Amino acid sequence: MPSILPIGPYHPAIHEPEYFKVWVEGEKIVGVDINVGYNYRGVEKLMTTMEWQRCLYLAERVCGICSHAHSSCFAQNVERAGGIGVAERGKYIRVIMAELERLHSHLLWFGILAESAGFETLFMLSWKDRELIMDVLEMISGNRVHYAMNAFGGVRRDINRSMGERMLNKLHKFEGRMEKLKDIALSDEPFVTRLKGVGLLNPWHAEEYGVVGPVARAAGLKVDTRRDMPYFAYGDLDFRVIVGKRGDALERLKVRIDETFESIRIIEQCLGGMPDGPIRTRKMLVKIKGGESASSVEAPRGENFHFLVAGETKPKYYHIRTPTFANFIVLPKILESHQIADVPLVITSLDPCFGCFDRLTVVEDGEERVVDFE
Amino acid sequence: MFHLSLGTCNGCEIEVLTLMTPRFDAERWGVRFVKSPRHADVVLLTGCGTERALKRSKRVLDQIPEDKVVVAVGACACSGGIFKQGHKPPLKADIYVAGCPPKPEAMLEGIMEAVRKCCSKD
Ligand code: SF4
């Protein structure tokens, strides 16, 4: 008879309030139930009560880590529904912001993973280097978390030449630090052994559950929205999609580390090849004709999908599917037959972001049973 | 100090976490994040107070010794912020740090204020 071990909602190993019910036999896990909703803020409903301009801010506040991904996805949706053209230079700046966001998000995750594996020093080191990226973000946008860079038809702030130079300086410094971090992480015997084989996900399961982002790529699936459905300026840029083989926590770490280098390449290309001209095509947006549109962008954690049914001055209906939602369904599958001590590690290795995740219903145990909120 | 999240967008939480890291390092003033509410003198509140989180967090808050100092961090915890329409007003705090999210420097100032309050109590 398995016994139930509750983890959360307020638990030291998990930074956000979520509740996991874990069935255990001895130290072994036999089943997992995810019970979320502690972060449920009703973003989609709120959207339908706000005008376009305010919605953009709300979209940004779906999540504090992939804030640019959400707001640019929203902007793209409205632009598509309303037939608004986007300024060419604006597209490039959007890409730069998205890649900077990927850098800081991957580093953040890197630190948290190290912390949950018990490697505090690496956590501190990676967060220290993350501040370099935060400096760049602050220089461009004036903010550290919610950049408020998107506007309908482009972006709100330009990146001029001297800014670009300073940015490149910082990025190169960051690249050196990242090499060092990679070296520390992958040459540390206990750390590598701790991660190896934990949270194994094979490609056919990944495909079956529809996993996205670095988790899928680490399992060997070559999926990347930037390459599969190019948006903004990604069609003109040249970059590699990093794919791993084994699909365990260590592989996820390697994929993410390599992606940071790739992101730096993308930013370099953007800064070099940015066309001159206006950064946005219009000042304000009050009214559009209405219609429907869908758009997806590659957030740091994977494909982020938004769907919009537009009214004239407000959305009529809005739907968001975040990458964490796609990735988390597979958790019970991964956790089965692991030890209790692995739970926080496996959870972090999926890079969950509950802020995004908690908005609607939950599919549990892979059996598509919809759990209600009580 | 104990960090209690009541349903955030994650922005504030990440910024709270940066307080521990080398650049901002709250520990140099003798402030430590504790893992259990029972050890805390100061509570750091973030988030707009979703129904579910409020219900559960009550028990957590009850475990904290009586004369705690509550610091609300972020627009959400201060007033409900952008999510105000759908949620109950968040809990009452002693110190409010505004911003969405506040800069870490501002948070540090709030925490310093809390430390001062704690010291003046005993
Ligand atoms: S105050 Fe802003 S950054 Fe902080 S949790 Fe609320 S919406 Fe997010």
Side-chain angles (χ1 to χ4, degrees), chain A residues 8-19 35-43 45-46 49-50 54 57-58 60-67 70 104-105 108 111-112 115 120 123-132 134-135 138 143-146 148 353-358 373-374, chain B residues 2-25 27 33-37 39 43 46-61 63-64 74-76 80-87 99-107:
Chain A
Y10 293 100
H11 189 266
I14 301 164
H15 291 282
E16 290 170 79
E18 293 304 326
Y19 178 45
N35 191 336
V36 298
Y38 294 93
N39 263 347
Y40 175 76
R41 308 180 302 275
V43 172
K45 177 68 187 156
L46 268 180
T49 65
M50 292 184 179
R54 287 183 68 202
Y57 295 104
L58 183 59
E60 198 155 42
R61 278 153 185 84
V62 170
C63 172
I65 310 176
C66 358
S67 57
H70 282 289
H104 100 70
S105 166
L108 179 156
I112 304 252
E115 194 203 13
E120 281 273 338
F123 165 66
M124 291 293 179
L125 283 177
S126 65
W127 278 61
K128 182 171 134 229
D129 294 344
R130 177 174 168 267
E131 290 297 328
L132 281 174
M134 299 312 270
D135 283 347
E138 200 170 351
N143 302 313
R144 286 167 54 94
V145 173
H146 295 305
C353 170
F354 299 116
C356 298
F357 180 37
D358 257 13
F373 274 135
E374 215 21 71
Chain B
F2 181 72
H3 172 212
L4 185 64
S5 158
L6 301 173
T8 61
C9 82
N10 235 345
C12 283
E13 293 198 335
I14 299 297
E15 293 295 80
V16 166
L17 216 55
T18 51
L19 292 183
M20 296 196 295
T21 55
R23 162 96 51 112
F24 301 104
D25 197 13
E27 260 181 53
F33 280 91
V34 289
K35 300 274 183 179
S36 160
H39 301 160
V43 200
T46 56
C48 56
T50 61
E51 217 170 281
R52 275 196 113 183
L54 275 184
K55 231 191 275 166
R56 290 302 179 98
S57 63
K58 222 179 147 289
R59 244 183 86 189
V60 178
L61 280 173
Q63 290 176 8
I64 305 174
C76 280
I82 198 159
F83 306 113
K84 195 149 106 203
Q85 290 179 33
H87 298 289
C100 180
K103 294 252 142 98
E105 291 88 346
M107 292 190 191

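Since we're looking at a predicted model, the values are computed, not measured. Because only heavy atoms are used, hydrogens play no part in the values below, and waters and symmetry mates are left out as well, while side chains stay in. Chain letters run A, B, ... following the sequence lines, proteins first, then strands; residues in each count from 1.
In this structure the side chain of Ile14(B) never reaches within 4.5 angstrom of the side chain of Val145(A), judged on heavy atoms. Looking at heavy atoms from C-beta onward, Arg61(A) lies out of side-chain contact with Cys76(B) at the 4.5 angstrom threshold. Side chains of Phe24(B) and Glu131(A) form a contact here, defined as non-hydrogen atoms less than 4.5 Å apart. Residues Thr18(B) and Arg144(A) form a side-chain contact, since some pair of their non-hydrogen atoms from C-beta on lies under 4.5 Å apart.
Interface residue Leu108(A): only side-chain heavy atoms are found under 4.5 Å from chain B. No part of Ser36(B) comes within reach of chain A, as not one of its non-hydrogen atoms sits under 4.5 angstrom from that chain. Looking at Glu60(A), there are no atoms closer than 4.5 Å to chain B (heavy atoms on both sides), in backbone or side chain. For chain A, no part of Phe33(B) is nearby; none of its heavy atoms comes within less than 4.5 Å. For Cys12(B), no part lies near chain A; criterion is any non-hydrogen pair under 4.5 Å. Residue Ser67(A) does not touch chain B at all, counting heavy-atom pairs closer than 4.5 Å.
Closest non-hydrogen pair, Asn143(A) versus Lys103(B), comes out as CA-NZ, 4.5 Å. Residues Arg23(B) and Asp135(A) approach most closely at NH2-OD2, 3.0 Å, considering heavy atoms.
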